[in-house]
Amino acid sequence: MQPASAPDNVAAQPSRAATLIVGAAAGFAGLLIVGAIALWAWYGTTVFFEMVKTGIAACM
């Protein structure tokens, strides 16, 4: 006997709040990536490698 819940051929739909949260998180992550690429293009690799070197020196 089948349970009285949803039939097998009906997919569960995510709530509107969950869709909004996931969309906002994806948009924010996209902005961070675009910002990182823009900074890389503007300042070049020198600043990046200086930050890595400073971070490694701080750990030692």
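The hydrophobic cluster containing Y43, built from Ile/Leu/Val/Met/Phe/Trp/Tyr side-chain heavy atoms closer than 4.5 Å, also comprises L39, W42, V47, M51.
T54 is linked by a side chain to side chain contact (heavy atoms under 4.5 Å, CB included) to nothing, counting only residues two or more places apart in sequence or in another chain. By the side chain to side chain contact (heavy atoms under 4.5 Å, CB included) test, I37 is found to be paired with I33, residues two or more places apart in sequence or in another chain being considered. Under the side chain to side chain contact (heavy atoms under 4.5 Å, CB included) criterion, V34 pairs with no residue at all, not counting sequence neighbours.
Residues in residues 33-44 take part in no salt bridge (Lys or Arg N to Asp or Glu O under 4.0 Å) pair, two or more places apart or across chains.
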Donor-acceptor list for residues 14-31 side chains, cut-off 3.5 Å, not counting sequence neighbours:
unit_1 : atom_1 : unit_2 : atom_2 : d
S15    : OG     : A18    : N      : 3.2
T19    : OG1    : S15    : O      : 3.1

